[in-house]
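Please read the structure below before turning to the comments.
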Amino acid sequence: MSMVKAKAHGSHLFLPLSVLALLIVINLIKGADYFSMSLINGALYGNIPNILFGASELVILAVGMTLVTASSRGQDISVGVAAAITSAVFVRVLQNTGDITWLTIAASFLASCVVGIVIGAFNGSLVSIFRVQPMVATLILFTAGRSIAFMIDGKLSPVLANDLTGQIGGVIPGVPIQTPIILTVLFIAFIAVLLKTTNLKLYSESVGINEKAARLNGIDPTKIKFLTYMILGVCSAVAGFIAVTKAGRHDSVNLLKFVEMDAILAVAIGGNALSGGKFSIAGSIIGAYTIEVLSRTLLRLEVGTETIKAFKAVFIIILMVVASPVVRESATKTLRWVQAKSNRGIVLETGASDAAAVSRADATEVSRADTPAEKEL
Amino acid sequence: MGSLNAAKPKDALSNSNLLFLIAVVIFVLMYGFAILRYPGSFLQFQTFFDLFNLNAPLIIITLGISIVMIGGGIDISVGAVTGLVTMCCAVMLESEMGSVGGALLLALGIGIAFGLLQGYLISYLEIQPFIITLAGMFLANGLLTTIHKDPLNVTLSGFVVLRDFEIVIPWLGTHNRLGNFIPLEIKPGAVVVWVLVIILVILMKWSRFGRNLYAVGGNSQSALMLGINVRKTKFHSYLLSGFLSGIAGFVYIMTTGAGNVGNASGFEMKAIAASIIGGTMLTGGVGNLFGSPVGSLILLTINELIRAAGVNSNYQAIVSGLLLYIFIVLQSVVVWLRGRGKFSLVLPSWLRLGRKEVEDQG
């Protein structure tokens, strides 16, 4: 039984990891020096650090998006906009404090986090209290947010021209790794500790799988949903902070544009159901890096920038078809048929364990399919 | 017309119709306010018809997205597909074998191709609609920039005639500042919108497909148990949405006469917003197709109002967001109150027809 469990757990990450491996193989075929890194001005540069550097905001947003998806069975499409607003607040507060030190940067960052929490509370209240579909609820901010960020800015794209924020977005002297990568790792570690030490994962999963059952078990779905949205708000604030320090100026129109789509995609590629329930943060993180690797691979293969999106779309469609329940089911059927043909009568245990796995999968399927019947009432 | 309202008396107001009614009332109030505040421009019939003339593609897209949303799905590729269609039509019209009929066929073909692909993947392979239509959006965007990057003005004479063609209604019109009489002009795109609205409302209300779609959107499992072909119904809804995007693309290029990378960008979210304001719920099974044009008109009237007021254009987005907020909360509260059977407390007596059953229960 334990073997079956391990297998079921591993299959979650099998798809994103195999895709990542495939992309790396393609890159290695294109040029064997793919993993080579070089030290320039005391910091590591190369393909791998660039990928880690480029995907940092996306990873952070994907982590928050996974939590929200799990608990509220829907996605927040306002994360990019929320990041634009929080980073606008960050820049504004920082410029109003006068001289820029580590302390004022920290204070401004905290202020932007508070704004992120407020944004999360706004979305969360709509989703949990008013029971609005998450995509619809976040559409409000998606519509209005960039204009709000622009008004906070006060003028067209204020510039962050100083050493300290440059170091956060680039390299701190003496540290060989670019700072956004370190921040991302710290953030992932923080979330990992949070999920290990609290019941958040269990609670949000149970709310996502069956809200009524969760309530009967003493979990307050409203509170959990609210909490996950506030966490996503903090994630947006961190992502906005990294993005604005990277860019060195705050462009309210283009900062993290379309990142919400990529974040949702990362969650889906990571093997998480967009209809909520069980989730794997590791899968989403791998998914986010996969998206970044994919874009960079296409660039490396000298696909024109105008065609990249089309290739990306074809790739996503193929990936989703491979991962779709129908194709998977038929694949397992064929696999079992082949197995039965090749070693009939020799290995009875595998068949039994497979059947157990299938019945378990069916059980979860049924529990997920529990849809409220009184929509039209 | 909702699937679960069959047992109630006929004059009971379903959620679909109630939300639609709210939207209509708000639109009338808003337009009335606009007329009172800016009588100069809003009293002209031309202003009203210009909402249709200039925004026909958006309204057509909204119709498509509403149909998909009633079926419980979502289609965010519509804007990008519309943009792709405009560019393909422009390129084709500018090439040697360009003809208006050919461009129309191309537009419909592209729309149907996207509808087929997405509909098949979503309904038969059971992939999440959001991801597939997101991929469709990327695909359409990528193809658009691959085909042609720069703005392309169509100069084919046959097409220019069509672009400049306007239906003139001489007995409706206004005097301009110089005192000259200007008759009312209606673009063919507006006529296409009205025809489509009528056809689609009939389709959704009285055809087997429409009724099945409401059932599938309301609860796909019970629809399946009732013997409805859920997959086929969903497939057809996406096909229809793709087809409407094709039409919207052709209407778009018929209005502007140019292919451009930025054509119809961001339309998907505008269309979703308009659809929600018009009373369609994203959870599926609730919605009235008359609400879609009304929802678009509400959004467009706000924009016109803000333009007339002459304030910072940033407020346009903020006010749209605020309005969306009000509508969403209103919908949620209305549905919640009705769910508890206490709506008679809120509804004035003259609207309380056919609610006796619920009152008795409560």
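What you see below is based on every heavy atom in this structure, not just the backbone, and it leaves out hydrogens, waters and symmetry mates.
One N or O on the side chain of B/Arg211 and one on the backbone of B/Lys205 form a donor-acceptor pair closer than 3.5 Å. Looking only at distances, no side-chain donor or acceptor of B/Ser332 sits under 3.5 Å from a matching main-chain atom of B/Ile328. Judged by distance alone, with hydrogens and angles left aside, the side-chain atoms of A/Asn272 form a donor-acceptor pair with the main-chain N or O of A/Ser280 at under 3.5 Å. In terms of modelled atom types and a separation under 3.5 Å, the side chain of B/Arg231 and the main chain of B/Glu126 share no donor-acceptor contact. At distances below 3.5 Å, not a single donor-acceptor pair connects side-chain atoms of A/Asn123 with backbone N or O atoms of A/Thr138.
Looking at A/Ile316, the atoms closer than 4.5 Å to chain B (heavy atoms on both sides) all sit in the side chain, from C-beta outward. Proximity to chain A (any heavy atom under 4.5 Å) is shown, for B/Ile318, by both the backbone and the side chain. Heavy atoms of B/Leu121 lying under 4.5 Å from chain A belong exclusively to its side chain. A/Phe150 touches chain B through its side chain: at least one heavy atom from C-beta onward sits under 4.5 Å away, while N, CA, C and O do not. Both the backbone and the side chain of A/Met261 come within less than 4.5 Å of a heavy atom of chain B. Heavy-atom distances place both the backbone and the side chain of A/Val136 under 4.5 Å from chain B. A/Val321 touches chain B through backbone and side chain together, each having a heavy atom under 4.5 Å away. The contact between A/Leu126 and chain B is made entirely by side chain atoms (from C-beta outward), counting heavy-atom distances below 4.5 Å. With a threshold of 4.5 angstrom between heavy atoms, B/Tyr315 approaches chain A through side-chain atoms but not through N, CA, C or O. Residue B/Lys270 does not touch chain A at all, counting heavy-atom pairs closer than 4.5 Å. Looking at B/Leu144, there are no atoms closer than 4.5 Å to chain A (heavy atoms on both sides), in backbone or side chain.
Defined by atom type and a distance below 3.5 Å, a donor-acceptor pair is present between the side-chain atoms of A/Tyr229 and A/Ser72.
Ranked by heavy-atom pairs under 4.5 Å with chain B, the first of A/Ile317, A/Ile264, A/Ile308 is A/Ile264. Top candidate by heavy-atom pairs under 4.5 Å with chain A, chosen from B/Leu143, B/Ile127, B/Leu117, B/Ile76, is B/Ile127. Among the candidates B/Ala317, B/Ser222, B/Ala140, the residue making the largest number of heavy-atom pairs closer than 4.5 Å to chain A is B/Ala317. Among A/Leu265, A/Ile148, A/Leu141, A/Leu139, the residue with the largest count of heavy-atom pairs under 4.5 Å with chain B is A/Leu139. Ranked by heavy-atom pairs under 4.5 Å with chain A, the list B/Thr145, B/Ile272, B/Leu322, B/Val319 is led by B/Thr145. For the options A/Leu274, A/Thr307, A/Val327, A/Val314, heavy-atom pairs under 4.5 Å to chain B are most numerous at A/Leu274.
Heavy-atom contacts from other residues, nucleotides or ligands closer than 6.0 Å to CZ of A/Phe315 number more than 12. For NZ of B/Lys234, the number of neighbouring non-hydrogen atoms (other residues, nucleotides, ligands) closer than 6.0 Å is 12 at most.
Residues of residues 75-85 of chain A that come closer than 4.5 Å to chain B, counting heavy atoms only, are A/Ile77, ordered by residue number.
Between A/Phe142 and B/Met269 the shortest heavy-atom distance is CE2-CG, 3.1 Å. Contact between B/Gly136 and B/Ser77 at its shortest, heavy atoms only, is C-CB, 3.9 Å. The two residues A/Met320 and A/Ile269 have their closest heavy-atom pair at CE-N, 4.4 Å. Minimum interatomic distance between B/Gly278 and B/Ala23 (heavy atoms only, all atoms of both residues): CA-CB, 4.2 Å.
With sequence neighbours excluded, no residue forms a salt bridge (charged side-chain N to carboxylate O under 4.0 Å, His left out) with A/Arg300.
Cation-pi contact between A/Lys312 and A/Phe258: absent, since separation from the ring centre below 6.0 Å together with deviation from the ring axis within 45° is not met.
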